[in-house]
Amino acid sequence: MEPLVSIMLCDPHRHYRPGQRMRCSYQVDAIAADAIQAVEASIMWLSSGKGDEEMGIHEFHRRTRDDQNTDLRMLHQFDTSLPNSPLSFEGTILKIHWVVRVKIFLKEGQPYSRDLSFQLGSVAGFREQLP
Amino acid sequence: MGEFTFFVLVLLLGLISLGFLLFAPEKSPDFWLMLLIVGSLLSIGGGGLLLAYFHYSISRERRRAITQKRPALDLLKENVRSTDRFPSIPSDANIIDSPGTRLRYRLPRFESAFWPMLAASLFALSWLAVSVTLLVTVVNRILDEQTYWLFTAMLLASIVVTHWAIRYCYRQLRFITRVGTTMVEISHHPLLPGSTCEGFLLQSGSMKLRLLSLTLVCEEQVTYRQGTDLRIESYPAFKQKIAVLKNNDLRSDRVLEHDFEFSIPESAMHSFRGEHNQVQWKLVVRGKPESLPRFTRSFLIIVHPRNPGREAG
């Protein structure tokens, strides 16, 4: 059975301005505490479209299970100032998406990850072509 | 997992060979050469195994976070580069380092004519050397009253190639000297969506220019692997004609000068450069001279986002 990961952002519309402070929290459920080895949370951009995919990490946190941190399922919160660029973009052959990704490393089996997308900036589609 | 197995096998082969080499009763005459081969096997196997371990044990995001240069958000830092404040936006350092003659910045040309010209010259010179060598050989054989038809045929073929290469080189040289310099200057940089910028275009040369157009272009450019090939694809997301100049007679004492103004659209995407993908803004000059091939010259400009956050200052 897959673990249940819920990610919450401070803005319910998930639309942020460059440089704006973003508070993010996440919680893991439907899995035993000792089955989790580590949890990674990243705020990152991903490119998609025709070109090879790439990513850029803005914020990265890793929590591992130890004596002080026995239950990684608990609600965890962190905040960050979003960068000035790259802004979310919906081009024709290139798209840039911002996501919060929570990745869970299990004691057995493949890691499980969950993404929550958000919008950074507002670049509308633009076009003004001459023949 | 296949990668892991491969490096384990290479490492094992290296270890077995090392044992055989060190403890064999008779020393091989090529001991050092064998040791070099064994050393290579051990380093390839061991290094590969280590890399594979890091690859599998560390997540992609963590690797990226470690290797990626983090944006410097420190406002107290004396020299905050534009790439620090605006991650993934190319630096404008090579744009703002050239002052213009009329406006503040002279834009650097995107592509250089030097390397194609050098390649064409080297190609022509190499074939000229081949032709001369073959000619001397054939003449010597003829003087010795021997004729090698193979050499003669090669000489004829090489003369044809040399003729073509020298003609091509001459045409390129003539083109470069007659078309002259294209210079574009702008009043400020970097540009912002919704902002207007003054520009100045200068075209020199010795030709009758039927048409010269100046266009503002925003291009999405991606690279991707298809099999073993690396492909590049572009898509013009935005194109706006700024100026079209017709029928100008250019001479050494008469250059074409044109002042213009252009605006970056309000909703424009900023410049972006990743490893495989980019969004680039450029001013493109296209010329159509009489009795010469058409030419295109591009000048890169950098567009920043309009409302940077407080890190931008």
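Every chain is numbered from 1, with letters handed out A, B, ... down the list of sequences.
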Test log, rule side-chain contact (heavy atoms from CB on, under 4.5 Å), inputs A/L94 and B/F272: CA-CA 11 Å; A/L94 168 67; B/F272 165 78; 4.2 Å; yes
Hey, is the main chain of A/T92 close enough, under 3.5 Å, to the side chain of B/E220 for a donor-acceptor pair? yes
Please confirm whether the backbone N or O of A/D52 pairs with a side-chain atom of B/R225, one donor and one acceptor, at under 3.5 Å? no
Hey, does B/S59 have a side-chain heavy atom less than 4.5 Å from the side chain of A/F105? yes
Here the gap from B/R306 atom CZ to A/N84 atom CG, rounded to the nearest 0.5 Å, amounts to 14.0 Å
Are there over 12 heavy-atom neighbours, none belonging to B/R63, within less than 6.0 Å of that residue's CZ? yes
Could you tell me whether the side chain of A/I57 reaches within less than 4.5 Å of the side chain of B/R62, counting heavy atoms only? no
Check whether any side-chain heavy atom of A/W45 lies under 4.5 Å from a side-chain heavy atom of B/S88, and answer yes or no. yes
A/S42 vs B/E61, side chain to side chain donor-acceptor pair (under 3.5 Å): CA-CA, chis, key distance, verdict: CA-CA 7 Å; A/S42 326; B/E61 294 79 13; 5.4 Å; no
Heavy-atom distances under 4.5 Å only: say whether B/S234 touches chain A with side chain, backbone, both or neither. backbone
Do other residues, nucleotides or ligands put more than 12 heavy atoms under 6.0 Å from B/R104 CZ? no
In this structure, OG1 of B/T223 is separated from NZ of A/K50 (nearest 0.5 Å) by 12.5 Å
Counting only non-hydrogen atoms closer than 4.5 Å, does B/E266 touch chain A with its backbone (N, CA, C, O), its side chain (CB onward), both, or neither? neither
Candidate pair A/S85 and B/H270, rule side-chain contact (heavy atoms from CB on, under 4.5 Å), full reasoning: CA-CA 8 Å; A/S85 58; B/H270 58 76; 4.0 Å; yes
Assert top hit (heavy-atom pairs under 4.5 Å, partner chain B, pool A/M44, A/R62, A/E53, A/R101) equals A/R62
Which atoms of A/M55 come close to chain B, meaning under 4.5 Å heavy atom to heavy atom: side chain ones, backbone ones, both, or neither? both
What are the two closest non-hydrogen atoms of A/S47 and B/N277, and how far apart are they? OG-ND2, 3.2 Å
Counting heavy-atom pairs under 4.5 Å with chain A, the top scorer among B/Q221, B/E233, B/R231 is B/E233
Just wondering, are more than 12 heavy atoms of other shown residues or ligands nearer than 6.0 Å to CE in A/M74? no
So which heavy atom on A/E54 is nearest to which on B/H276, and how close? OE2-N, 2.8 Å
Crowded around B/R106 CZ? As in, over 12 foreign heavy atoms under 6.0 Å? no
A/K103, part contacting chain B, at a heavy-atom distance under 4.5 Å: side chain
